[in-house]
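Only one structure is covered here, and it is reproduced in the block below.
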2 protein chains.
Amino acid sequence: MAKHDTQLSDLFHALADPTRRQMLTRLAEGPAPVSELAGPTGLRLPTVMRHLSVLEEAGLIATTKEGRVRTCAIVPEALVPMRSWIDEQRAVWEARLDRLDTYVMNLMKEREQ
Amino acid sequence: MAKHDTQLSDLFHALADPTRRQMLTRLAEGPAPVSELAGPTGLRLPTVMRHLSVLEEAGLIATTKEGRVRTCAIVPEALVPMRSWIDEQRAVWEARLDRLDTYVMNLMKEREQ
DNA sequence: GTCATGCTTAGCCATATCGCTAACTATCGC
DNA sequence: GCGATAGTTAGCGATATGGCTAAGCATGAC
């Protein structure tokens, strides 16, 4: 909730791109080298690299290099902060709706009398 | 999950900006006119307007104009698609982790013998 | 060593984003 | 009507984003 909450911004921003989401869903099946991630996208390697570094800087994936092959894998905990934010918001929003309900119901009760 | 899933992209993109999240948390307390949203941000009105239209196009808020005052309010259902996506991902990611656990455990059992 | 493979870096281009000012429109209060 | 108030529109400039090509490096196969 801080002003400088760049973690959330980075996460949301990383997920705002369909290509990056596509890569993530591929990675959900298991780790993969860069070129395998590039394949389905139809994008060139340098472009893919940029997407991957966005994902990595957001903490959504981790990569390791062995020989000339860089393997990418998902970081499952990465979604937590985002999920928390959404849940918090939802809680507040719905609480407000509930209060609104109560308010409306009270209005209606008053009118019944 | 479609290729052209711009809804998710729009949602994530809208939330990727701290200013917009700030506006949303303010709106969580209840509807507010444009200038009241502008206040805390320290931004000029036209800038605020742009942020608001991003939020509105993403379906996160709804606005109505009465007289010269435009009132903005949250759309609570708006978070649903995003939450679903995250939950789906989490499910798959964790399932994979579970399978990995089983795999590792099997490996260990085999070694024990 | 030589060549292919797999990634990486540098740098270009088009477009989008985020801030601003200036000028305009449309109410509301008197 | 007249001035103040609340948005709105148009358009500018700086920077970020997302794509590319070309060239460079490191490793594996021979």
### Length of the CD-C1' vector between Gln22(A) and dG18(D), whole Å
15 Å
### Summary
Separation of dG11(D) atom P from Met49(B) atom CE, nearest Å, is 17 Å
### Query
Roughly how many Å is it from CZ in Arg68(B) to P in dT27(C), rounded to a whole number?
10 Å
### Summary
Taken to the nearest whole Å, CZ/Arg70(B) to P/dT27(C) is 12 Å
### Task
Choose from dT8(D), dG19(D), dG19(C) the nucleotide whose nearest atom is closest to any side-chain atom of His51(B).
dG19(C)
#### Entry: Carboxylate-amine/guanidinium contact Asp87(A) Arg83(A), below 4.0 Å
yes
## Note on the structure
Of the candidates dT8(C), dG19(C), dT8(D), the side chain of Leu45(A) sits closest to dT8(C)
### Query
Reckon Thr47(A) has a side-chain N or O less than 4.0 Å from the OP1 or OP2 of dC20(D)?
yes
### Message
Rounding to an integer number of Å, can you tell me how far Arg21(B) CZ sits from dC18(C) P?
### Response
12 Å
### Message
Using 0.5 Å steps for rounding, measure from the OG1 atom of Thr71(A) to the CD atom of Glu36(A).
### Response
10.0 Å
## Note on the structure
Asp10(A) atom CG is separated from dT17(D) atom P, nearest whole Å, by 9 Å
### Task
Would you indicate whether Arg26(B), at its atom CZ, is surrounded by more than 12 heavy atoms from other residues, nucleotides or ligands within a distance under 6.0 Å?
yes
### Query
Given dG19(C), is OP1 or OP2 found less than 4.0 Å from the side-chain N or O atoms of Arg44(B)?
no
### Query
Within the structure, does a side-chain N or O atom of Arg20(B) lie under 4.0 Å from either OP1 or OP2 of dC18(C)?
yes
### Query
Would Ile74(A) and Leu24(A) count as a side chain to side chain contact (heavy atoms under 4.5 Å, CB included) if you check the C-alpha gap in whole Å, the side-chain angles of each, and the deciding distance to 0.1 Å?
CA-CA 7 Å; Ile74(A) 266 181; Leu24(A) 280 184; 4.2 Å; yes
## Note on the structure
When rounded to whole Å, the CG to P distance for the pair Asp17(B) and dG19(C) reads 6 Å
#### Entry: dT27(D) OP1/OP2 closer than 4.0 Å to side-chain N/O of Lys65(A)
no
### Summary
Tightest non-hydrogen contact, residues Arg21(B) and Asp5(A), listed as NH2-O, 3.2 Å
#### Entry: Partners passing side-chain hydrogen bond (donor to acceptor under 3.5 Å, both in side chains) against Thr63(B) (at least two apart in sequence or in another chain)
Glu56(B), Arg70(B)
### Message
Minimum heavy-atom separation for Cys72(A) and Leu27(A), please, with both atom names.
### Response
O-CD2, 3.4 Å
I'd like a list of close polar pairs between nucleotides 10-12 of chain C and the protein, N/O only, cut-off under 3.5 Å.
none

#### Entry: Atom pair distance, as rounded to whole Å: CG in Leu52(B) and P in dA6(D)
16 Å
